[in-house]
Amino acid sequence: MEKKKAGWCLNKFLDVEEARKQVLLALPMILTNAFYYAVRLISVMFAGYLGQLELAGATLATSWATVTGFAFMG
């Protein structure tokens, strides 16, 4: 009797090779979105060191720029 492969159930329902190719194809987009979010997050965190009023202003400005689409122009 031969040994069962690890993950045989996963291979039954999912084409692992195709999934790996798709993840590798999407990886640059995933990293770009993560870094874009990180830059905005870090800038608001730095504003928090200045004070509560500055933090509130930076958060409102970031939210307003995102909602109005102004962030896409930058």
Checklist entry - Remaining members of L31's ILVMFWY cluster at a side-chain heavy-atom cut-off under 4.5 Å? => result L27, F35
Checklist entry - Residues sharing M29's hydrophobic cluster, by side-chain heavy-atom contacts under 4.5 Å among ILVMFWY, directly or via others? => result none
Item to check | From Y37 atom OH to I42 atom CD1, the distance as rounded to the nearest 0.5 Å | outcome: 10.5 Å
Next on the checklist: Does anything in residues 18-28 form a side-chain hydrogen bond (donor to acceptor under 3.5 Å, both in side chains)? List the pairs, not counting sequence neighbours.
Outcome noted: E17-R20, E18-Q22
Item to check | Under 3.5 Å: donor-acceptor pair, side chain of S43, backbone of R40 | outcome: yes
Next on the checklist: So L55 and V44, do their side chains get closer than 4.5 Å, heavy atoms only?
Outcome noted: yes
Checklist outcome for this item: Distance col, row L41:CG vs F46:CZ, nearest 0.5 angstrom, shows 10.5 Å
